[in-house]
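A short worksheet on the structure shown next.
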Amino acid sequence: MNTKYLDVLAQKYDCEEKVVTEIINLEAILNLPKGTEHFVSDLHGEYQAFQHVLRNGSGRVKEKIRDIFNGVIYEHEINELAALVYYPEEKLPLIKNNFDNEQELNQWYKVTIERMIKLISYASSKYTRSKLRKALPDQFDYIIEELLYKTEESANKEQYYTKIVQQIISLGQADKLITGLAYSTQRLVVDHLHVVGDIYDRGPEPDKIMEALINYHSVDIQWGNHDALWIGAFAGSKVCLANIIRICARYDNLDIIEDVYGINLRPLLNLAEKYYEDNPAFRPKIHSDKHTTDHEKLQITKIHQAISMIQFKFESPIIKRRPNFNMSERLLLEKVDYDKNEITIHGNTYPLENTCFATVNPEQPDQLLEEEKQVIDKLLFSIQHSEKLARHMKFLMKKGSLYLKYNGNLLIHGCIPLDENENMEKMEIEGKNYGGRELLDLFEHYLRHAFAHPEETDDLATDMVWYLWTGEYSSLFGKRAMTTFERYFIEDKETHKEKKNPYYHLRENEETCRKILEEFDLNPDQGHIINGHTPVKEIEGENPIKANGKMIVIDGGFSKAYQSKTGIAGYTLLYNSYGMQLVAHKHFNSREEVLSNGTDVLSVKRLVDKELERKKVRETNVGEELLQELSILNSLKEYRYMK
Ligand SMILES: O=P(O)(O)OC[C@H]1O[C@](O)(COP(=O)(O)O)[C@@H](O)[C@@H]1O
Ligand SMILES: [Mn+2]
């Protein structure tokens with residue numbers, strides 16, 4: 001070990017006792033049970049449902065409450081306490097309304113604070129004191145620690161405890177303390193959160209999800225295809241930019257672009273008003289809780305057409321300058337017979353409907369009008385100068401990656417592209433063939449390069465981000481081609497089908513999954529692949545746990561738009577020291593419902609895997625880092641203090 005480095009370290013550990021204390025501390029942590037990991041995916045802008053799952057820890061909060069209080073307090077009190085932990089600010093006034101004198105209220109405060117302290121003590125039992133301290137609300141950490149370490153047997157202590165609580169109440173601090181305790185409990189119940197992709201698109205509040213993640217104590221993100229699309233737009237890809245606006249228009253979510261991220265849509269609207277009319281294929285999908293007027297709907301329909309046509313035009317030059325993307329079949333504007341209003345794809349000719357080709361020059365269909373170019377340039381400028389979007393995208397980059405190896409598992413949104421014979425599919429990039437892990441690493445390299453060079457709009461890295469959205473060997477897309485054009489303009493549904501990568505049926509086989517885990521240097525006996533991206537259709541009997549438990553698919557559809565297909569409202573996965581449990585969530589109606597009757601969204605749990613022995617921190621990613629630190633500290637001890 002480099003002695004210079006040890007000398008620097010010795011400044012922090014300037015006596016033997018300090019080194020020894022830290023060594024003992026790390027050893028102790030290594031022997032604690034591993035913290036609980038929480039996996040979610042395909043949030044698709046559904047902030048309300050997501051934040052509920054975060055607050056209740058996919059049912060963990062209720063479970064802990066039951067562990068302590070089942071048979072001790074009434075069921076309605078259990079529900080009330082749970083609702084208080086999830087939504088303290090909203091629940092407190094509701095409860096307080098029930099009391100008509102101060103004495104009763106104070107008694108309730110006393111009992112509740114005591115119960116919450118018990119809950120925190122239980123929820124933190126597998127953590128060190130230092131970790132617990134970090135989870136406590138700053139302004140009350142001293143007081144809570146005092147309350148936590150009171151010993152029930154001692155009468156003196158009991159008095160002391162009662163006095164503290166009385167003081168808190170009489171000083172008007174009880175609500176704040178209860179709120180702080182509630183958030184600490186939420187935090188202790190889940191140690192680390194994994195978001196396995198697709199935060200953006202379709203739903204109304206992706207920005208709020210981003211804010212929640214930014215404020216979350218410990219999180220990582222595996223990018224989904226929709227997240228990559230947003231990153232691409234911010235990184236200078238005009239075709240990605242057109243896509244995100246198209247999807248927002250389609251789902252009646254343009255306010256995300258306009259109000260949340262502050263992008264002026266006026267130039268696009270002007271263009272849309274000039275060239276487009278009403279068109280049934282482009283009317284927004286309206287959610288029931290939105291009050292969009294007919295006039296607004298018409299405007300959105302026009303914008304939707306304008307931006308879709310811009311998108312199709314931008315696709316052509318990329319396809320032409322990147323022959324290795326192998327997408328010439330997707331040069332659809334060139335396959336249209338503009339006189340006959342039909343298109344020939346794969347040798348079949350189809351009539352076109354709901355077309356909106358007013359800005360298309362049949363001689364050169366991918367040519368953008370000057371106005372279209374100006375609109376997209378202005379949009380790109382505003383997107384890249386939105387402070388809020390910059391903050392969100394930087395966070396996606398900082399915490400995100402294309403895949404993650406974590407505690408022996410492989411987390412990936414989409415797939416590992418495979419051929420029918422289970423071989424890693426290879427893609428040629430700059431004269432070399434890449435497959436499997438190597439291909440994914442290269443994709444990630446390009447995405448990061450594109451992000452670091454937002455001024456480049458047509459280079460390979462930027463085009464590659466779009467490829468990740470829609471290319472046949474993209475690990476995020478996992479399908480052969482995206483049939484957006486066909487779905488707007490061709491009636492025959494056969495043309496709408498998007499053929500999935502063989503991965504999606506091969507992943508049912510245990511052997512395939514083991515092979516993939518090995519490709520990523522993971523132990524196939526212990527590891528699992530955790531996937532999002534493809535909604536599991538419980539309704540049709542599909543099982544999210546595949547390949548003898550090696551493969552877990554957790555996209556159950558937080559996305560409201562997909563819930564009729566899946567039949568549930570999303571899966572989440574919990575992985576604690578005892579094993580893995582999959583939770584299927586029923587529809588989340590509203591926080592009001594949870595608040596008023598305290599009943600939770602009922603969740604069904606399924607055991608995926610049970611650890612034979614309780615898993616310790618030593619066997620985790622964090623443990624690996626701690627072991628390294630430990631070895632450095634041991635070197636320091638020998639070098640400085642054993643001479
Ligand atoms: O349901 P929509 O809005 O038509 O979107 C369909 C498109 O979304 C995709 O499924 C990609 O989105 P997901 O990652 O959510 O599956 C495309 O394959 C498909 O073309
Ligand atoms: Mn996806």
Side-chain angles (χ1 to χ4, degrees), residues 39-46 195-204 206 209 221-232 239-240 242-254 256 280-287 300 304 307-308 311-312 315 327 330 332 354 396 400 402-403 411-417 443 465-490 493-501 503-504 530-537 553-566 570-571:
F39 302 72
V40 300
S41 91
D42 296 271
L43 304 170
H44 283 300
E46 296 296 341
V195 181
V196 194
D198 279 356
I199 295 164
Y200 278 88
D201 289 332
R202 299 204 181 104
I209 298 181
I221 299 165
Q222 293 71 54
W223 301 313
N225 46 336
H226 291 270
D227 308 320
L229 197 63
W230 280 72
I231 294 173
V239 72
C240 289
N243 259 293
I244 64 169
I245 297 176
R246 178 183 65 80
I247 297 172
C248 283
R250 180 169 165 77
Y251 284 88
D252 191 11
N253 280 325
L254 283 170
I256 299 173
F282 289 85
R283 287 185 197 140
K285 291 175 182 248
I286 300 289
H287 5 135
I300 298 168
H304 191 179
I307 199 69
S308 300
Q311 176 195 317
F312 296 136
E315 290 174 357
M327 289 175 80
R330 304 303 305 156
L332 296 168
N354 301 321
L396 265 187
L402 210 50
Y403 67 88
L411 283 58
I412 174 150
H413 177 72
C415 70
I416 309 298
F443 281 149
V465 185
W466 176 66
Y467 186 85
L468 276 172
W469 164 245
T470 189
E472 64 177 328
Y473 298 136
S474 158
S475 57
L476 296 184
F477 178 43
K479 298 172 191 166
R480 291 309 185 202
M482 199 177 285
T483 58
T484 313
F485 186 97
E486 290 89 326
R487 282 184 286 119
Y488 284 128
F489 301 125
I490 304 178
K493 288 224 163 24
E494 261 315 293
T495 64
H496 302 184
K497 288 201 174 139
E498 296 180 349
K499 195 162 171 251
K500 285 189 182 153
N501 187 282
Y503 171 90
Y504 289 101
I530 296 154
N531 254 182
H533 190 49
T534 49
V536 177
K537 295 175 183 148
V553 186
I554 60 170
D555 178 6
F558 270 91
S559 179
K560 286 212 182 98
Y562 280 60
Q563 284 175 1
S564 57
K565 289 189 191 157
T566 59
Y571 293 106

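Note that ligands are numbered from 1 as they come in the structure, with each ligand's atoms numbered from 1 the same way. All of these numbers come straight from a predicted model, not from anything done at the bench.
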Handout entry: Pairwise side-chain contact, Arg480 with Asn501, heavy-atom cut-off 4.5 Å (strictly under)
Key = yes
Exercise for the section: Just jot down the ring-ring contact (aromatic ring centres under 6.0 Å, His included) partners of His304, sequence neighbours excluded, or say none. Expected result: Phe282, Tyr488
Fill in the blank from the handout: Checking heavy-atom distances from atom 12 (O) of ligand 1 to each of Glu486, His226, His44, the winner is His226
Practice task
Would you mind running through ligand 1 and noting each atom that sits below 4.0 Å from a heavy atom of Phe477?
Solution key: 18 (O)
Handout entry: Lys/Arg-Asp/Glu bridge criterion (N-O < 4.0 Å) met for Arg330, Glu486
Key = yes
Exercise for the section: Please confirm if an N, O or S atom belonging to Asp555, backbone or side chain, lies less than 2.8 Å from the Mn ion (ligand 2). Expected result: no
Problem - side-chain hydrogen bond (donor to acceptor under 3.5 Å, both in side chains) partners of Tyr473, counting only residues at least two apart - result: none
Problem - Closest protein heavy atom (residue, atom, distance) for atom 16 (O) of ligand 1 - result: His533 CE1, 3.7 Å
Handout entry: Side chain Asp227, main chain Gly197, donor-acceptor under 3.5 Å
Key = no
Handout entry: Thr483 versus Lys497, closest heavy-atom pair with distance
Key = CG2-O, 3.5 Å
Fill in the blank from the handout: When every non-hydrogen atom of Pro284 is compared with those of Ala249, the smallest separation belongs to CB-O, 3.5 Å
Practice task
State the atom name: nearest N, O or S atom of His533 to the Mn ion (ligand 2).
Solution key: ND1
Practice task
Report yes if some heavy atom in the side chain of Ile554 is under 4.5 Å from a heavy atom in the side chain of Asp42; otherwise report no.
Solution key: no
Handout entry: Side chain His413, main chain Gly532, donor-acceptor under 3.5 Å
Key = no
Practice task
Please name the pair of heavy atoms, one in His496 and one in Ile490, separated by the smallest distance, quoted to 0.1 Å.
Solution key: NE2-O, 2.7 Å
Completion exercise
Output field for angle at the Mn ion (ligand 2), Asn225.OD1 vs Asp198.OD2, rounded to 10°, should show 90°
Practice task
Consider every N or O of Asp42 and every N or O of ligand 1, then say whether any pair is closer than 3.5 Å.
Solution key: no
Practice task
Heavy-atom distances under 4.0 Å are what count here, so tell me which part of Asp198 touches ligand 1: side chain, backbone, both or neither.
Solution key: side chain
Problem - His226 backbone or side-chain N/O/S under 2.8 Å from the Mn ion (ligand 2) - result: no
Exercise for the section: Starting from atom 3 (O) of ligand 1, find the nearest protein heavy-atom neighbour and note its residue, name and distance. Expected result: Tyr251 OH, 2.6 Å
Completion exercise
atom 1 (O) of ligand 1 sits nearest the protein heavy atom Tyr562 OH, 2.6 Å
Practice task
Name the closest protein heavy atom to atom 10 (O) of ligand 1, giving the residue it belongs to and the distance to 0.1 Å.
Solution key: Lys479 NZ, 3.2 Å
Handout entry: Minimum-distance protein heavy atom relative to atom 8 (O) of ligand 1
Key = Arg202 NH2, 2.9 Å
Completion exercise
Heavy atoms of Met327 and Tyr467 approach each other most closely as SD-CD1, 4.4 Å
Handout entry: Closest protein heavy atom to atom 4 (O) of ligand 1, given as residue, atom name and distance to 0.1 Å
Key = Arg250 NH2, 2.7 Å
Fill in the blank from the handout: Candidates Asn225, Leu229, Asp555, Thr484; heavy atom nearest atom 14 (O) of ligand 1 found on Asn225
Problem - the Mn ion (ligand 2) to nearest N/O/S of Thr534 less than 2.8 Å - result: no
Fill in the blank from the handout: Closest heavy-atom approach to atom 6 (C) of ligand 1 among Glu498, Arg487, His496 is made by Arg487
